[in-house]
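Here's the structure, in structure tokens; my notes come after.
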Number of protein chains: 4
Amino acid sequence: MPYRSTDTTRRKKDAKRTAMMQAAVRVFAAKGYHAATVRDIVHEADVAVGTFYFYFPDKETLFGHLFEETAAFLLQAIEQALTSRTSLPAQLEAAIQAYINVAFYEPAVVQLLLVGGMGSVPSLAERRVEYREKLIRAWQRPLLVSLERREIEPQNARRTAEALVGAYDEIVFHLLASTQTEREAQQAVGEMVQFGLRAVGYLYQAE
Amino acid sequence: MPYRSTDTTRRKKDAKRTAMMQAAVRVFAAKGYHAATVRDIVHEADVAVGTFYFYFPDKETLFGHLFEETAAFLLQAIEQALTSRTSLPAQLEAAIQAYINVAFYEPAVVQLLLVGGMGSVPSLAERRVEYREKLIRAWQRPLLVSLERREIEPQNARRTAEALVGAYDEIVFHLLASTQTEREAQQAVGEMVQFGLRAVGYLYQAE
Amino acid sequence: MPYRSTDTTRRKKDAKRTAMMQAAVRVFAAKGYHAATVRDIVHEADVAVGTFYFYFPDKETLFGHLFEETAAFLLQAIEQALTSRTSLPAQLEAAIQAYINVAFYEPAVVQLLLVGGMGSVPSLAERRVEYREKLIRAWQRPLLVSLERREIEPQNARRTAEALVGAYDEIVFHLLASTQTEREAQQAVGEMVQFGLRAVGYLYQAE
Amino acid sequence: MPYRSTDTTRRKKDAKRTAMMQAAVRVFAAKGYHAATVRDIVHEADVAVGTFYFYFPDKETLFGHLFEETAAFLLQAIEQALTSRTSLPAQLEAAIQAYINVAFYEPAVVQLLLVGGMGSVPSLAERRVEYREKLIRAWQRPLLVSLERREIEPQNARRTAEALVGAYDEIVFHLLASTQTEREAQQAVGEMVQFGLRAVGYLYQAE
DNA sequence: TATGAATGAGAATTCATTCAT
DNA sequence: TATGAATGAATTCTCATTCAT
């Protein structure tokens with residue numbers, strides 16, 4: 001009987017592709033972009049070298065996909081948290097919580113975004129810049145609204161957004177490094193919210 | 001400046017060593033640790049490959065020295081700014097100003113600390129962690145003092161320090177990217193100070 | 001035409017085989033033996049890779065068949081032209097005309113014989129040598145007859161045959177490169193005949 | 001004492017470069033362009049892989065140099081033979097003799113020009129076409145002169161030149177294959193001259 | 001028969017590092 | 001000290017071929 005496509009086959013192929021990407025995240029997170037060789041990845045995924053190139057044109061492209069997916073996922077989680085609340089404190093808390101959740105559920109994936117080590121390959125550096133830019137814009141939006149409402153002190157919202165992004169990344173990085181208990185993580189969320197509220201000069205803390 | 005012909009390193013014999021280190025910073029900053037080849041460095045320094053290995057055991061060690069000196073220099077500049085003032089606002093301003101000064105005078109040097117791309121080589125990753133740790137501790141100290149003096153709101157000073165380090169790095173990164181005029185840089189310093197004071201919950205802004 | 005659905009090969013099952021061989025000639029002629037990948041061929045034939053290996057044991061063998069058929073076809077065309085005439089001028093003209101006809105009707109096929117690029121794979125190189133040998137012998141035969149009849153100057157017929165084969169190939173190669181009109185092609189045939197008659201030292205041109 | 005350059009060193013480097021090129025010719029001639037791996041070449045030259053890339057950017061470029069040198073050398077030999085004589089028979093003989101000399105002195109080198117097997121790599125194919133073109137022009141020149149002088153029959157000199165080039169190449173190819181004695185080679189030269197004179201329709205054979 | 005996912009040997013190329021001069 | 005030719009391990013990527021479905 002001839003080969004049947006688009007049935008089980010298609011699903012299987014996608015599954016393998018996904019499995020390989022997951023293997024890749026692990027390797028990238030463990031060794032960094034450069035130290036991770038294609039051989040490492042296929043070994044982790046338990047396939048042959050050729051298989052890698054059957055699914056991805058090259059290492060850089062794979063990393064690009066990975067980065068894109070990861071970044072989009074995190075971005076979406078944060079943006080949704082920010083937009084689904086109305087008060088600034090609630091927004092901050094939801095977004096931070098979302099970030100922490102993802103970070104602890106997929107540490108490797110998040111490490112990828114934080115450490116990068118993609119300084120050299122131009123296309124990756126650009127991607128990283130774009131992602132940071134989107135992240136900054138996401139944080140900036142609620143700030144602009146709050147500014148208008150005079151809920152926070154007058155300030156350069158863009159600059160504050162940059163600062164918050166940098167601040168939270170650094171904290172998450174340290175949290176991931178010193179493997180925390182759930183409890184500690186929750187405490188950190190609280191501290192991050194407090195930091196954020198102070199940093200934006202939130203005026204009605206009595207709320 | 002670090003790794004420059006300072007008091008101790010001004011023996012004539014070290015002229016070449018210094019030249020190579022200066023060349024190395026430029027190359028590392030421009031291409032990242034991995035993409036920068038020893039050939040690139042010696043070419044930039046206008047010496048032969050062999051010469052490199054006369055002065056340094058290997059590429060990693062050179063980068064280590066470079067990183068160490070660079071980090072020490074920046075750290076010292078910031079620490080000295082923080083310790084030579086007494087009021088928190090003055091400390092913040094001086095430290096930020098110091099950081100910005102170095103960043104604009106030696107962009108390559110600072111880029112080295114920020115971008116790194118040293119994710120892969122373990123020894124380099126460790127060094128980076130150590131440096132961040134020292135930086136965090138440096139910022140933490142005045143916070144602890146101010147906490148004691150009840151000049152700032154109660155908080156986890158360590159966490160706040162992490163946040164400030166991350167925040168300022170992110171801002172400096174963006175400042176370096178969008179080449180600013182002196183005037184813009186000064187404005188950024190002001191904004192960074194304001195952000196810092198708010199973020200730590202500085203209580204007597206009337207001062 | 002060779003490898004086309006001829007009397008013997010017209011079983012339906014061979015339709016795919018034929019399609020693949022036709023596709024193969026095109027690809028080989030366009031890219032040369034090495035640069036032509038099996039993937040290129042199956043893509044051109046619009047079948048899957050596996051199918052290729054169902055019909056042919058390997059790439060080299062396919063090329064072998066192709067070469068053989070192509071060579072046999074051209075050889076047969078030329079030999080038949082040479083044997084079906086009696087006078088040397090008529091033989092020359094018919095053979096050249098046959099060669100040109102095939103060359104312009106199936107440029108890819110002829111290019112295959114001319115360019116080859118089969119220098120590396122030993123079995124292919126041998127095949128090429130055998131084909132040239134047969135071609136030379138084909139041209140040599142009428143020369144020997146004419147020598148006996150003293151219609152041409154005394155000469156080493158074998159050497160002359162080699163020369164003619166080389167000469168005509170070179171000309172056809174140039175003709176194919178500079179796509180000619182039918183008219184130009186005909187003129188070339190005339191010139192090739194003249195060259196041939198002179199080259200063999202044909203004595204009674206008045207005939 | 002520091003390293004002294006441009007003295008013995010320079011000469012040595014050139015010598016090695018030349019040695020590697022000679023090794024390369026041997027390998028290319030034996031296996032063809034594609035089958036010849038860089039590893040084969042460095043093994044033949046008894047150096048390390050890296051050394052190859054120290055002297056040449058890549059295999060294709062090396063082959064290009066080789067081809068260029070070889071072609072230029074042969075071309076020059078033939079052109080000089082053609083221009084240093086005045087009568088057509090003398091020109092033919094000198095040029096053929098030059099060709100044969102080179103072919104027997106450097107068989108590998110000449111085989112390179114004849115077989116090529118460079119059908120795939122575009123840059124090489126182009127080079128080959130250029131070389132053939134120059135060769136054809138070189139043979140064409142004396143023909144045009146002789147045409148003007150009415151020493152040869154009216155004809156398309158370009159076409160005749162193409163034919164002669166193809167003819168002689170084929171003959172030389174066979175000569176190299178069936179290793180000849182000096183005596184046989186000389187006889188071949190005579191036959192080639194005779195063929196050439198007949199082929200161009202040389203009128204005053206009494207000369 | 002037909003498919004196309006999977007394989008892995010092997011090729012080109014890079015680059016940190018060594019060492020004779 | 002200084003040089004730069006030489007090294008070779010390691011990496012990426014290709015492609016003919018196999019095989020479960």
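Just so we're on the same page: letters track the sequence lines, and every chain starts at 1.
- The side-chain tip of A/K59 points at the ring of A/Y33 from less than 6.0 angstrom away and within 45° of straight on.
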* Structure fact -> Protein-proximity profile, nucleotides 12-18 of chain E, B/S/- by nucleotide at the 4.0 Å heavy-atom cutoff, equals SBBBSBB
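- For the pair C/D40 and C/A35, the tightest heavy-atom approach, listed with the atom from each and the gap, is OD2-O, 3.6 Å.
- The two residues C/M21 and C/F56 have their closest heavy-atom pair at CG-CZ, 3.6 Å.
- Contact between the side-chain N/O atoms of A/K16 and the OP1/OP2 oxygens of E/dA6 is found at a separation under 4.0 Å.
- Between the CZ atom of D/R17 and the P atom of F/dG4 there is a distance of 18 Å, rounded to whole Å.
- Every stem involving DNA chain E, taken as at least 3 paired positions in a row under the Watson-Crick or G-U wobble test at 3.5 Å, is listed here: E:2-21 with F:2-21.
- Taking atom P on both F/dT21 and E/dT1, the two are 22 Å apart, rounded to the nearest angstrom.
- Atom NE2 in B/H43 sits about 13 Å away from atom P in F/dT3, given to the nearest Å.
- Evaluation of the side chain to side chain contact (heavy atoms under 4.5 Å, CB included) rule for B/A108 yields B/V25, B/A29 as partners, not counting sequence neighbours.
- With sequence neighbours left out, D/Y131 forms a ring-ring contact (aromatic ring centres under 6.0 Å, His included) with D/F67.
- Separating the CZ atom of D/F54 from the P atom of F/dA6 is a distance of 6 Å, rounded to the nearest angstrom.
- Look at A/K13 and you won't find any side-chain N or O under 4.0 angstrom from OP1 or OP2 of E/dG4.
- A perpendicular orientation is assigned to the rings of D/F28 and D/F63, their planes being inclined by more than 60° (bins at 30° and 60°).
- Applying the side chain to side chain donor-acceptor pair (under 3.5 Å) rule to pairs touching residues 16-25 of chain D yields nothing, sequence neighbours excluded.
- Atom CG in D/L62 sits roughly 17 Å away from atom P in E/dA11 (whole-Å rounding).
- Here the closest heavy-atom approach between residue D/E44 and residue D/A23 is recorded as CG-CB, 3.5 Å.
- Between B/A48 and D/D46, the residue anchored nearer the 5' end of DNA chain F, judged by the nucleotide with its closest heavy atom, is B/A48.
- Applying the ring-ring contact (aromatic ring centres under 6.0 Å, His included) criterion to D/F54, with sequence neighbours excluded, gives no partner residue.
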